[in-house]
Amino acid sequence: MIETKRLIVRPLITDNDHQVAQVLADPELLHAAHISFTSLPANSFEIKMFLQAVQVFGIYQKADPAKLLGLITADQTNPALATNECEVGYLERRSVWGRGIMTEALRGFLDGTPLAIVATTDEDNERSQHVLKNSGFRLTGREGKRLIWRRPACTRD
């Protein structure tokens, strides 16, 4: 579990209270995050498979630790990644946009990681690009309409 000034970020294994399904029910967010299900809302089997396919972390406000605000995913299985790289993704409920929640959560999540972090955004997703810039990422390339961002590994002297 990771704590920041306002937030708690913790691993998610199940969706017993159906909050993950609620966050993943917004078709525009899923499109921006390049997540797809066979139907919307996603059924419980698809949510379970999503939670098992990558590491998924829930973002909660300390003041209301029962309400899921968003998700961070971490994946090291992409064969295009170097052995010391991890790809992150994220999405949050629209109701918390513009409050710095995702930037704070991502910074806390990545603080001190020994891995280099890779993220991608669509070229027109300025909100996500802003989160990455404010979390220490630099634009390093593009693949078609997708921008590739990297954050170097933290080093300890």
Side-chain angles (χ1 to χ4, degrees), residues 1-78 81 85-122 124-137 146-147 149-154 156:
M1 182 171 75
I2 298 160
E3 290 193 37
T4 68
K5 184 177 179 181
R6 300 179 295 165
L7 306 172
I8 298 167
V9 180
R10 63 178 182 242
L12 291 175
I13 299 168
T14 64
D15 187 29
N16 292 338
D17 58 3
H18 307 289
Q19 289 192 75
V20 173
Q22 291 170 7
V23 171
L24 295 175
D26 185 325
E28 287 184 49
L29 293 181
L30 293 177
H31 177 73
H34 295 267
I35 298 171
S36 61
F37 297 109
T38 57
S39 63
L40 284 180
N43 63 47
S44 60
F45 177 75
E46 288 178 306
I47 297 296
K48 181 178 179 181
M49 299 294 24
F50 171 77
L51 292 171
Q52 291 177 358
V54 295
Q55 291 179 295
V56 181
F57 298 82
I59 303 165
Y60 302 85
Q61 199 158 18
K62 285 182 178 178
D64 186 5
K67 183 174 182 185
L68 180 66
L69 303 178
L71 305 170
I72 295 175
T73 62
D75 183 8
Q76 288 184 268
T77 62
N78 183 338
L81 297 174
E85 289 183 323
C86 179
E87 185 172 13
V88 296
Y90 47 85
L91 67 158
E92 66 184 342
R93 294 179 190 264
R94 289 175 190 260
S95 61
V96 298
W97 282 7
R99 294 178 25 201
I101 299 290
M102 189 53 70
T103 299
E104 182 177 334
L106 194 57
R107 282 180 181 169
F109 180 76
L110 299 175
D111 187 40
T113 182
L115 299 173
I117 307 298
V118 177
T120 60
T121 64
D122 289 331
D124 61 349
N125 190 341
E126 294 178 12
R127 283 185 182 276
S128 187
Q129 293 166 29
H130 186 74
V131 167
L132 293 173
K133 287 176 190 174
N134 287 338
S135 300
F137 285 78
R146 302 277 294 158
L147 303 179
W149 301 80
R150 284 193 161 73
R151 182 177 184 265
C154 293
R156 305 242 188 246

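Quantities reported herein were computed from a predicted structural model and do not represent experimental measurements. Only this structure's heavy atoms are used, side chains among them; waters, hydrogens and symmetry mates stay out.
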Locate the shortest heavy-atom distance separating [X] from [Y]; write the atom from each residue and the value.
| X | Y | value |
| --- | --- | --- |
| Val23 | Leu29 | O-CD1, 4.3 Å |
| Leu106 | Ser135 | CD2-OG, 3.8 Å |
| Thr4 | Gly108 | CG2-CA, 3.9 Å |
| Leu51 | Ile13 | CD1-O, 3.7 Å |
| Ala105 | Leu7 | N-CD1, 3.7 Å |
| Ala42 | Ile47 | CB-CD1, 3.8 Å |

Tell me which pairs pass salt bridge (charged side-chain N to carboxylate O under 4.0 Å, His left out) where either residue lies in residues 46-55, with sequence neighbours left out.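 Matches after skipping sequence neighbours: none remain.
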Using side chain to side chain contact (heavy atoms under 4.5 Å, CB included), reason through Thr73 and Gln55 one step at a time and then give a plain yes or no. CA-CA 6 Å; Thr73 62; Gln55 291 179 295; over 6 Å; no
Run the side chain to side chain contact (heavy atoms under 4.5 Å, CB included) test on Phe137 and Gln129 for me, step by step, so that the C-alpha distance in whole Å, both residues' side-chain angles and the decisive distance to 0.1 Å come before the verdict. CA-CA 9 Å; Phe137 285 78; Gln129 293 166 29; over 6 Å; no
Does the side chain to side chain contact (heavy atoms under 4.5 Å, CB included) test come out yes or no for Gln61 and Arg99, once each step is laid out? CA-CA 12 Å; Gln61 199 158 18; Arg99 294 178 25 201; 3.4 Å; yes
Short question: side chain of Asp15, backbone of Val20 - any donor-acceptor pair under 3.5 Å?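 At least one qualifying donor-acceptor pair exists.
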Counting distance only, does the side-chain N/O of Glu92 pair as donor-acceptor with the main-chain N or O of Ile101 below 3.5 Å?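 Side chain of Glu92 to backbone of Ile101: no pair is present.
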Side-chain contact, heavy-atom cut-off 4.5 Å: [X] with [Y]?
| X | Y | answer |
| --- | --- | --- |
| Asn78 | Val118 | no |
| Arg151 | Val88 | no |
| Gln52 | Met49 | yes |
| Leu30 | Leu40 | yes |
| Arg93 | Gln19 | yes |

Side chain to side chain contact (heavy atoms under 4.5 Å, CB included) between Met102 and Val96: does it pass, once the steps are laid out? CA-CA 9 Å; Met102 189 53 70; Val96 298; over 6 Å; no
So that I can tick it off, tell me whether Lys62 and Glu3 are bridged by a salt bridge, with the cut-off set at under 4.0 angstrom between side-chain N and carboxylate O.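 Yes, charged N to carboxylate O under 4.0 Å.
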From [X] atom [atom1] to [Y] atom [atom2], the distance as rounded to the nearest 0.5 Å:
| X | Y | atom1 | atom2 | value |
| --- | --- | --- | --- | --- |
| Ile59 | Leu71 | CD1 | CG | 7.0 Å |
| Tyr90 | Leu132 | OH | CG | 3.0 Å |
| Lys133 | Ser128 | NZ | OG | 11.0 Å |

In this structure, are over 12 heavy atoms from other groups packed under 6.0 Å from His130 atom NE2?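 At most 12 heavy atoms, drawn from other residues, nucleotides or ligands, come within 6.0 Å of this atom.
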Taking side-chain contact (heavy atoms from CB on, under 4.5 Å) as the definition, give me every residue that meets it alongside Glu126, ordered by chain and number, with sequence neighbours left out.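 Applying side-chain contact (heavy atoms from CB on, under 4.5 Å) to Glu126 gives none.
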